There are 2 protein chains.
Amino acid sequence: MRLNFYDYISIFIHQTDLTLTNYIKSKLAPFNLAPEQNLIMMLLWEKDGLTQNEIAEKLKKDKTNIARMVFNLEQKGFIRRQCRENDRRSLKVYLTEEGENLGHSITKITEEFNSLVCKGITEEELKDVRRILGKMCKNVHEDS
Amino acid sequence: MRLNFYDYISIFIHQTDLTLTNYIKSKLAPFNLAPEQNLIMMLLWEKDGLTQNEIAEKLKKDKTNIARMVFNLEQKGFIRRQCRENDRRSLKVYLTEEGENLGHSITKITEEFNSLVCKGITEEELKDVRRILGKMCKNVHEDS
DNA sequence: TCCAATAAGTTGTCATAGCAACTTTTCTGT
DNA sequence: ACAGAAAAGTTGCTATGACAACTTATTGGA
């Protein structure tokens, strides 16, 4: 029996991700911040002075894209990049004052977003979702 | 208490989606088919002769991107577009013979992919994931 | 010590994703 | 019948995401 379009769980997950990303995108837009740029900022608000490589590892993303996103954040004036003195290959990323200040507004928004997404969903259910999605990732990693 | 990076369920979902998409991308690459192009093809294998607008609605995507993806599929020779006789605004999309034949190989691959993703996960758990992710989408839609 | 391997970033290319603005065609209300 | 709205597609723009190929800098082994 052939699977129908919506029987594929990966398609369902993909569409869920698009829905959530689009929503937070609209909330961040007034601050001139895109969703993935925000992820980088979130890391920096937790801990300043990461290298681009460290950011890429934490976000499990290609360093190429990190370089471009960090470049854009620099253009926007939220961060600045500085060469490390002991390793001239790598660049450390620091918040500017503007970037630092942004944190207060954005943290509020992202936590509200998380609350909205999880509204009416129990802690137990969230744990289950994490466990099952984690299992799916493990399944495909083991096959690669 | 400030949320940590990985406490955000949306980030977890996003990273899961990337993992799954990347895997199927590598499986489809030998057939010169990208993941989202494949979604369009899947619709056409189910039912030929959809308009671009109908495809956009089914995939819940912007018609802009559908137009570009369909254009690429046409370049690759998998589909052809034809003006409707009774409405010259809209284009119907038909499989070519090559596109039709592709269906046999690809259906096998996507069903294997779905099995791999769901390995060790019960039907009950899958239903739960669908229900909870669906609830999340509903939550953000209600707020828009 | 010096050559090769490795590491960090950058640039180019392709595919996705959405928004705004536009053309062409069709429909609708008067 | 005709003006204006709406509908289908297209083009331009920005952002994300992965891969390949490249430069520059550092490290490690013979």
Side-chain angles (χ1 to χ4, degrees), chain A residues 10-11 14-41 50-57 59-76 81-93 144, chain B residues 10-11 14-41 50-57 59-76 81-93 144:
Chain A
S10 57
I11 294 177
H14 184 60
Q15 305 224 335
T16 301
D17 177 48
L18 287 181
T19 300
L20 301 185
T21 299
N22 258 328
Y23 180 87
I24 192 61
K25 182 178 169 188
S26 71
K27 291 290 175 186
L28 294 175
F31 298 92
N32 191 24
L33 200 59
E36 299 293 328
Q37 290 170 1
N38 182 42
L39 296 189
I40 294 178
M41 294 301 285
L50 298 170
T51 66
Q52 295 190 181
N53 228 36
E54 287 167 340
I55 294 173
E57 279 169 20
L59 296 186
K60 296 188 184 61
K61 280 189 208 303
D62 197 274
K63 58 185 176 158
T64 315
N65 310 309
I66 301 298
R68 275 186 270 245
M69 285 191 274
V70 165
F71 177 81
N72 286 334
L73 286 171
E74 194 174 41
Q75 296 301 104
K76 291 181 180 185
R81 287 186 291 179
Q82 191 179 313
C83 268
R84 259 161 98 166
E85 57 288 348
N86 52 339
D87 186 344
R88 277 182 298 167
R89 285 173 305 181
S90 88
L91 291 168
K92 293 193 124 194
V93 181
S144 303
Chain B
S10 58
I11 294 177
H14 185 59
Q15 305 225 335
T16 301
D17 177 48
L18 287 181
T19 300
L20 301 185
T21 300
N22 261 330
Y23 180 86
I24 192 61
K25 182 179 168 187
S26 71
K27 290 291 175 185
L28 294 174
F31 297 92
N32 190 24
L33 201 58
E36 299 294 329
Q37 290 170 2
N38 182 42
L39 296 189
I40 294 177
M41 294 301 285
L50 297 170
T51 67
Q52 295 190 182
N53 227 36
E54 286 167 340
I55 294 173
E57 278 170 22
L59 296 185
K60 297 187 183 63
K61 281 188 207 305
D62 197 274
K63 59 186 174 155
T64 315
N65 311 308
I66 301 299
R68 278 185 268 244
M69 287 191 273
V70 166
F71 176 80
N72 286 333
L73 286 170
E74 194 173 41
Q75 296 301 104
K76 292 181 180 185
R81 289 187 289 180
Q82 192 179 311
C83 268
R84 259 159 101 166
E85 56 291 344
N86 52 338
D87 187 344
R88 276 182 299 167
R89 284 173 306 181
S90 89
L91 291 168
K92 293 193 126 196
V93 180
S144 303

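Throughout, a chain's letter reflects where its sequence line sits, starting with A, and its residues are numbered from 1. All values derive from a computational prediction rather than experimental measurement.
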Report task. Mind running side chain to side chain donor-acceptor pair (under 3.5 Å) on B:K92 and B:Q52 for me, showing each step along the way? Result -> CA-CA 7 Å; B:K92 293 193 126 196; B:Q52 295 190 182; over 6 Å; no
[X] has an atom [atom1]; how far is it from atom [atom2] of [N], in whole Å?
X	N	atom1	atom2	answer
B:L50	D:dG9	CG	P	11 Å
B:Q52	D:dT11	CD	C1'	14 Å
A:D62	D:dA15	CG	P	18 Å
A:K61	C:dT16	NZ	C1'	13 Å
B:K60	C:dA17	NZ	C1'	16 Å
A:I66	C:dG9	CD1	P	11 Å
B:L59	C:dG18	CG	P	10 Å
B:D17	D:dT16	CG	P	16 Å

Output yes when at least one side-chain N/O atom of [X] is less than 4.0 Å from OP1 or OP2 of [N], else no.
X	N	value
A:K63	C:dG9	no
B:H14	D:dG17	yes
A:Q37	D:dT14	no
B:N53	D:dG9	yes

Requested in this report: Assign each of B:L18 and A:N86 to its nearest nucleotide of DNA chain D by heavy atoms, then name whichever residue's nucleotide is nearer the 5' end.
Outcome: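 Closer to the 5' end of DNA chain D: B:L18.
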Query raised in the report: Mapping B:R81 and A:E85 to their closest nucleotides on DNA chain D, which lands nearer the 5' end?
Result: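 Counting from the 5' end, the first nearest nucleotide belongs to B:R81.
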Report task. Identify whether the distance between the nearest side-chain nitrogen and carboxylate oxygen of B:K61 and B:E36 falls below 4.0 Å. Result ->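 B:E36 and B:K61: salt-bridged.
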Query raised in the report: Starting at the 5' end of DNA chain C, which residue's closest nucleotide do you reach first, A:K25 or A:L91?
Result: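 Upstream on the strand: A:L91.
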Using a heavy-atom cut-off of under 4.0 Å over every strand shown, decide if [X] touches base, sugar-phosphate, or nothing.
X	value
A:T51	sugar-phosphate
A:N65	base
A:S90	sugar-phosphate

Query - Distance, nearest 0.5 Å, that separates CG of B:L33 from NZ of B:K25 - result: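 If we round to the nearest 0.5 Å, B:L33:CG and B:K25:NZ are 12.5 Å apart.
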Query - Reported OG-to-CG distance for the pair B:S10 and B:D17, which is rounded to 0.5 angstrom - result: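 Going from the OG atom of B:S10 to the CG atom of B:D17 covers 12.5 Å.
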Query raised in the report: B:T21 and A:H14: which non-hydrogen atoms are nearest, and at how many Å?
Result: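 Nearest pair, atom of B:T21 first, then A:H14: OG1-ND1, 4.3 Å.
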Which listed nucleotide ([options]) is nearest to the side chain of [X]?
X	options	value
B:A34	C:dT26, C:dT16, C:dG9	C:dT16
B:D87	D:dT16, D:dT10, C:dT25	C:dT25
B:T64	D:dA15, D:dT11, C:dT26	D:dT11
A:N22	C:dT16, C:dG18, C:dG9	C:dG18

Query raised in the report: Looking at C:dA7, does its base get a donor-acceptor pair with the side chain of A:R89 below 3.5 Å?
Result: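 Looking at the base of C:dA7, it does pair with a donor or acceptor on the side chain of A:R89 (distance under 3.5 Å).
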Query raised in the report: Does B:R68 get its side chain close enough to the base of C:dG18, under 3.5 Å, for a donor-acceptor pair?
Result: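 Such a pair is found, so the answer is yes.
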Requested in this report: Ignoring hydrogens and angles, state whether a donor on the side chain of A:T51 or A:N53 is under 3.5 Å from an acceptor on the partner side chain.
Outcome: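 Result is no, nothing qualifies.
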